[in-house]
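So that the names make sense, note that chain A is the first sequence line, chain B the second, and so on, each numbered from 1.
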Protein chains: 4
Amino acid sequence: MMRARAKNPAGSAKDEKYRRRHDEIIDAAAAVFARKGYHGASTKDVADRLGIRQGSIYYYVPSKEAALEQVCLIGVEGFLRRLTAIRAGGGSYTEKVRAAMLAHLEPTRDRHDYVRTFLGSRHHLPPAIRRNIARLTRDYERLFESLISEGVAAGEFRAGLDSRLATLGILGMCNAALTWYGIEEGATIERIAAEFADMVLDGLKQR
Amino acid sequence: MMRARAKNPAGSAKDEKYRRRHDEIIDAAAAVFARKGYHGASTKDVADRLGIRQGSIYYYVPSKEAALEQVCLIGVEGFLRRLTAIRAGGGSYTEKVRAAMLAHLEPTRDRHDYVRTFLGSRHHLPPAIRRNIARLTRDYERLFESLISEGVAAGEFRAGLDSRLATLGILGMCNAALTWYGIEEGATIERIAAEFADMVLDGLKQR
Amino acid sequence: MMRARAKNPAGSAKDEKYRRRHDEIIDAAAAVFARKGYHGASTKDVADRLGIRQGSIYYYVPSKEAALEQVCLIGVEGFLRRLTAIRAGGGSYTEKVRAAMLAHLEPTRDRHDYVRTFLGSRHHLPPAIRRNIARLTRDYERLFESLISEGVAAGEFRAGLDSRLATLGILGMCNAALTWYGIEEGATIERIAAEFADMVLDGLKQR
Amino acid sequence: MMRARAKNPAGSAKDEKYRRRHDEIIDAAAAVFARKGYHGASTKDVADRLGIRQGSIYYYVPSKEAALEQVCLIGVEGFLRRLTAIRAGGGSYTEKVRAAMLAHLEPTRDRHDYVRTFLGSRHHLPPAIRRNIARLTRDYERLFESLISEGVAAGEFRAGLDSRLATLGILGMCNAALTWYGIEEGATIERIAAEFADMVLDGLKQR
DNA sequence: CATGAATGAGCATTCATTCAT
DNA sequence: GATGAATGAATGCTCATTCAT
């Protein structure tokens with residue numbers, strides 16, 4: 001997954017310790033970026049969170065921007081892979097969309113700060129990397145959209161459905177959960193996923 | 001409406017010119033805050049956008065933070081009022097939710113940068129104002145939620161619906177449009193509102 | 001006394017009004033310089049004190065520095081003249097020193113802010129003017145000192161007295177009154193002058 | 001003594017180096033505050049004096065205001081303590097006042113810039129600290145005054161003496177020395193103290 | 001006569017980054 | 001392996017000053 005290191009002392013026993021520290025720093029960065037935004041957060045905030053000195057970060061991460069990149073890469077990781085698997089798997093389109101929504105929400109539980117940072121700060125990445133990540137996102141959206149358009153083609157979803165807008169709507173709905181997940185009481189990922197899926201699949205109305 | 005001014009020399013004829021310039025500056029601030037985020041934007045960015053010098057801003061706005069406040073206040077303006085009117089008006093709950101979704105999306109068209117800044121940067125406001133605005137937001141969400149829970153009570157919406165989650169989902173879905181409105185081709189506010197309303201009210205599935 | 005004007009519209013009837021406004025501005029400047037110090041005071045402070053706009057000051061005064069100069073000139077005005085008169089007048093040296101102390105203190109009552117500004121901010125004047133004023137001060141101190149050294153020569157004051165230090169001590173003591181005059185209750189200029197004169201002339205001790 | 005540090009990494013060997021640099025910076029601040037006044041001095045002036053960059057100061061001192069506070073605290077230090085000792089010690093009131101004057105003047109020799117800054121810039125301190133220091137000053141003046149009023153009560157000083165004015169006069173006289181100490185040739189602290197004491201205790205006049 | 005509007009230089013402060021040790 | 005110390009560029013903001021109207 002190409003997690004570049006600042007100054008990677010070759011070896012294997014010591015390397016382990018190095019990697020651990022490195023990951024702690026990225027984790028702290030994710031936490032403060034998620035809370036304050038990339039520009040609102042300082043490298044000192046990150047260092048303070050770990051009880052180390054500001055300069056020490058640079059032994060593990062070459063720059064603040066690189067830290068953002070690494071956080072974002074972890075933030076997007078897996079989305080595409082899992083959606084690909086769902087699409088390839090069995091079941092109706094209804095079941096696939098439901099599964100896709102759950103799959104989209106699960107990282108919110110497991111890598112909350114990473115996904116939040118990705119969503120909120122990815123546009124502060126340097127152009128090259130941003131474009132790289134934008135491509136991943138686009139591919140992901142297209143894959144999601146194909147689930148819907150194929151469902152329409154198969155006669156399972158309503159004809160005339162704008163699958164692009166539907167995709168953006170569903171993903172937007174799910175992404176919104178990042179804002180209040182952990183704050184709204186009793187809202188587990190599973191409940192959110194189920195409730196949202198019921199809403200968009202069957203509608204709010206009484207049958 | 002309380003759009004406070006930095007130094008407003010009393011008067012009325014010349015005052016008009018002052019107000020116009022003031023509004024231009026707030027408008028420029030909304031634009032750059034929306035694009036770069038509050039902390040990613042500098043007062044120089046705002047000044048450059050107007051072809052004036054950095055310091056000149058301070059003739060019209062007392063601080064960057066105050067500019068954010070003014071932008072956010074314009075950003076939230078009207079949401080509560082219009083939703084209150086919809087709720088008090090006639091029609092089924094289905095019609096009301098549909099109307100509410102359109103009403104929620106319209107400011108995206110008319111005050112795009114303001115609403116985006118409000119959504120993305122309001123948590124950088126000084127505590128006092130942030131709390132003030134948080135209250136408005138909470139009231140708005142509750143009002144929206146009441147539309148749904150009353151729809152359930154009236155037997156128009158599904159029993160067992162979690163009206164809180166439904167509200168957060170619908171609003172999140174609509175807010176997501178701020179990200180890509182103006183980029184997605186052919187996606188007018190009316191189409192987005194209609195498509196989203198169809199989706200959550202009737203569901204994606206074929207009947 | 002060479003009170004330079006910014007743009008002096010010739011004439012005589014209107015000139016009166018101009019001069020009045022000019023003097024008001026200098027007076028306001030003296031007040032804020034005395035309270036906040038030259039660098040701690042802004043031209044806006046001066047304008048606010050008169051209810052006029054910041055820029056309007058420049059119609060009457062060419063610069064902040066020039067305002068300081070004018071305030072300082074009024075602050076020193078008269079000291080030398082009156083001390084010269086006292087020295088030329090009759091009476092014992094004791095009486096003359098006593099009179100000189102009162103004369104030195106009187107401007108504190110009548111032009112408090114001017115004298116305070118002079119004492120506290122004169123070293124912020126541009127070199128040329130500062131030197132000019134320094135000469136006045138030196139002449140004044142020498143004149144005062146001559147009163148004492150002549151008193152010694154006449155056998156009226158103690159032999160061995162360091163007249164230079166005595167002068168600096170007496171003037172410093174009087175100048176200190178500027179700090180608390182108007183605050184210390186019941187301390188009129190006359191009482192202060194008398195008390196200080198008693199102290200340095202006769203000493204604190206019982207005879 | 002409470003000489004707070006900006007960021008003091010615990011330790012003891014290296015800490016010494018930090019403290020030394022910190023003290024150098026405070027010393028430079030005292031020097032430029034004494035010469036230009038708090039508002040007339042810039043942090044760049046302080047940095048230039050040490051041959052470091054403006055921003056580097058902030059590694060040692062949290063703000064310009066904090067630097068002023070530290071300078072002032074060093075400036076007032078010891079005055080109260082030493083006067084208390086003099087009062088508690090033996091000797092006549094005449095001897096005590098003489099000793100007090102010397103004690104008051106000694107810091108002028110040893111911490112010239114600190115005391116000058118204290119006297120000239122203390123009113124620019126933030127209110128909380130200013131009040132704190134004002135209390136110290138008041139206590140000091142009262143203690144000094146008690147030396148005089150008790151001397152009167154003991155019949156050693158003239159009856160009818162206004163001990164408050166006498167105190168303010170004596171201290172003002174001594175403080176004036178800050179202005180010219182180091183400039184007036186041959187005026188050592190001891191000579192100044194002695195001459196001033198002779199003047200106020202015995203008077204200028206021949207017996 | 002005075003002002004409204006703007007400027008440009010300077011200021012205190014922050015911050016990502018570097019590097020000798 | 002990590003830090004203490006410093007830097008330099010940028011940032012928000014203030015302020016004396018100017019000038020067309």
Side-chain angles (χ1 to χ4, degrees), chain A residues 6-7 9 14 17-18 21 39 41-47 50 52-67, chain B residues 7-9 11 13-15 17-18 21-22 39-47 50-67, chain C residues 6-7 9 14 17-18 21 39 41-47 50 52-67, chain D residues 7-9 11 13-15 17-18 21-22 39-47 50-67:
Chain A
K7 296 156 195 172
K14 282 194 169 179
K17 203 175 145 200
Y18 177 87
R21 205 78 169 116
H39 280 118
S42 76
T43 55
K44 189 171 179 306
D45 292 333
V46 178
L50 295 168
I52 62 174
R53 311 284 158 199
Q54 197 172 190
S56 309
I57 289 175
Y58 289 81
Y59 186 71
Y60 297 95
V61 177
S63 71
K64 192 187 175 191
E65 224 168 39
Chain B
K7 305 150 190 176
N8 64 341
K14 284 198 169 173
D15 210 14
K17 206 174 139 200
Y18 177 89
R21 205 84 170 104
H22 169 271
H39 280 120
S42 75
T43 54
K44 185 169 182 307
D45 291 333
V46 178
L50 295 167
I52 60 174
R53 310 288 160 194
Q54 189 178 200
S56 307
I57 289 176
Y58 289 83
Y59 187 70
Y60 297 94
V61 177
S63 70
K64 192 187 174 192
E65 223 168 41
Chain C
K7 298 156 193 169
K14 282 194 170 178
K17 204 175 145 200
Y18 176 87
R21 204 80 170 113
H39 280 118
S42 76
T43 55
K44 190 171 180 304
D45 291 332
V46 178
L50 294 169
I52 62 173
R53 313 282 159 202
Q54 196 172 191
S56 309
I57 288 175
Y58 288 81
Y59 186 70
Y60 297 95
V61 177
S63 70
K64 193 188 175 193
E65 224 168 40
Chain D
K7 305 148 190 175
N8 64 343
K14 285 195 169 174
D15 209 15
K17 205 173 139 199
Y18 177 89
R21 204 87 170 102
H22 169 271
H39 281 120
S42 75
T43 55
K44 187 168 180 308
D45 292 334
V46 178
L50 294 167
I52 60 175
R53 309 289 158 194
Q54 191 175 194
S56 307
I57 289 175
Y58 289 82
Y59 187 70
Y60 298 93
V61 177
S63 71
K64 193 189 174 190
E65 225 170 39

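The minimum heavy-atom distance linking B:A47 with B:I57 is given by the pair N-CD1, 3.7 Å. Nearest heavy atom pair, residue A:A66 against residue A:P62, reads CB-CG, 3.6 Å. Annotation for B:G40 and A:H39: closest pair CA-ND1, 3.3 Å, computed over non-hydrogen atoms. D:Q54 and D:K44 get closest at one heavy-atom pair: OE1-N, 3.8 Å.
Base-pairing analysis of DNA chain E finds the following stems of at least three consecutive Watson-Crick or G-U pairs, with both pairing distances under 3.5 Å: E:2-21 with F:2-21.
By the salt bridge (Lys or Arg N to Asp or Glu O under 4.0 Å) test, A:R21 is found to be paired with A:E24, residues two or more places apart in sequence or in another chain being considered. Legend: residues meeting side-chain contact (heavy atoms from CB on, under 4.5 Å) with A:A41, ordered by chain and number and at least two apart, are A:V32, A:F33, A:K36, A:D45.
To the nearest 0.5 Å, the span separating OH on D:Y60 from CD1 on D:I52 amounts to 7.5 Å.
Taking 4.0 angstrom as the limit, D:R21 places none of its side-chain polar atoms (N or O) nearer than this to OP1 or OP2 of F:dG4.
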Under 4.0 Å protein heavy-atom contacts per nucleotide of nucleotides 7-15 of chain E, with B for base, S for backbone only and - for none: BS--SBBB-
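A straight line from CG of D:D15 to P of F:dT3 spans 16 Å, rounded to a whole angstrom.
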